[in-house]
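Read the numbers this way: they start at 1 and go in the same order the structure lists the ligands and their atoms.
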Amino acid sequence: MQNVDGKVVIITGASSGIGAETARVLAANGAKVVLSARREERLKALAGELGSDHAAYLASDVTALKDMQAVAALAQERFGKVDALFANAGIMPGGNMSELDVTGWMNMVDINIKGVLNAMAAVLPVFLEQRRGHIVVTSSCAGTRSVPGNAVYCGTKHFVRAMLDSFRQEAVAEQSGIRTTTIYPGAIKTELLNTVAPSETKTMVEQFYENVGLEPDAIANAVLYVLSQPDNVDVCDLVVRPSMEA
Ligand SMILES: NC(=O)c1ccc[n+]([C@@H]2O[C@H](COP(=O)([O-])OP(=O)(O)OC[C@H]3O[C@@H](n4cnc5c(N)ncnc54)[C@H](OP(=O)(O)O)[C@@H]3O)[C@@H](O)[C@H]2O)c1
């Protein structure tokens with residue numbers, strides 16, 4: 001296995017949870033990380049913790065293509081290149097369809113689907129030009145099967161799986177040198193459940209996360225693993241769940 005020393009990695013959803021921990025792990029292994037999320041104070045604190053040689057940040061919203069293009073431009077300006085994108089920003093408001101949380105549905109489509117596409121659209125011109133690049137996207141175990149109580153979220157995470165695998169095959173046919181990885185986390189202790197409305201189901205899910213959920217470093221180490229592979233190895237799909245999660 002090679003390593004990530006000197007690699008420049010853009011991370012969306014870097015202000016908390018999986019994204020923030022991945023930034024820490026990659027930077028500790030010598031990567032340069034470019035942090036993107038909306039909460040600027042969080043990004044500033046994390047970039048300060050990692051040091052200016054290893055981190056840059058830009059308050060940015062994945063739903064805006066121009067924001068993602070500005071993040072890609074910052075990466076090139078500060079570190080001279082982009083080696084990988086970790087498209088990780090996502091939300092999970094939760095709830096049955098019968099609750100008609102139309103705003104929540106549309107926000108999930110905007111962030112979990114269009115946000116991934118915006119981030120990819122921002123880095124693809126760079127990757128195509130340099131004939132090399134790696135796109136890693138956070139799906140979910142909810143992207144491998146359907147479960148009740150999270151229908152639209154499941155749909156957005158299935159989208160990631162289907163889109164990225166089709167793109168992977170196009171990249172092979174076009175010999176563009178671009179690799180793709182879809183990561184499917186199980187229960188990870190982050191702020192993801194904060195946006196779920198209070199309910200009996202939410203309390204049960206919180207208890208489950210508390211009892212068996214993994215710390216975000218389980219996913220951060222998985223990202224380190226996929227980004228550490230030599231150019232001719234593509235780890236395409238990786239499911240990482242607590243050993244006590246069915
Ligand atoms: N935790 C789990 O059990 C679990 C399981 C499977 C998959 N996942 C996936 O893992 C990913 C990361 O989630 P997490 O668990 O680490 O939760 P988290 O701590 O809530 O992190 C979510 C991140 O997404 C960012 N984000 C949300 N909306 C955004 C927007 N419009 N523009 C830019 N950034 C935005 C948030 O930053 P700002 O609010 O500062 O913008 C935050 O940094 C998500 O895609 C989630 O679906 C999580």
| Is any NZ, NE, NH1 or NH2 atom of the basic residue among E191 and R39 found under 4.0 Å from an Asp or Glu carboxylate oxygen of the other? |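 Yes.
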| said: Between the side chains of E21 and K189, is the shortest nitrogen-to-carboxylate-oxygen separation below 4.0 Å, so that they form an ion pair? | reply: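 Not counted as a salt bridge, because no side-chain N and carboxylate O are separated by less than 4.0 Å.
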| field | Neighbouring protein residues of ligand 1 - any heavy atom closer than 4.0 Å | value |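 Within the 4.0 Å shell of ligand 1, which is judged on heavy atoms, sit G13, A14, S15, S16, G17, I18, A37, R38, R39, S60, D61, V62, N88, A89, G90, I91, I111, T138, S139, S140, Y153, K157, P185, G186, A187, I188, T190, E191, L192, Y209.
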| said: What verdict does the side chain to side chain donor-acceptor pair (under 3.5 Å) test give for S60 and S36, after you've listed the backbone C-alpha separation in whole Å, the side-chain angles of each residue and the deciding distance to 0.1 Å? | reply: CA-CA 6 Å; S60 41; S36 161; 2.8 Å; yes
| said: Has N118 got a side-chain atom pairing as donor or acceptor with V62's backbone, closer than 3.5 angstrom? | reply: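 Flag set: sc N118 to bb V62 pair under 3.5 Å.
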| Measuring from L227:CG to N29:CG, what's the distance to the nearest 0.5 Å? |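 The CG atom of N29 is 10.5 Å from CG of L227, to the nearest 0.5 Å.
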| query | Hey, which of H134, K7, Q130, R132 is the one that makes side-chain hydrogen bond (donor to acceptor under 3.5 Å, both in side chains) with D83? | reply |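 With D83 as partner, H134, K7, Q130, R132 yield a single side-chain hydrogen bond (donor to acceptor under 3.5 Å, both in side chains), made by R132.
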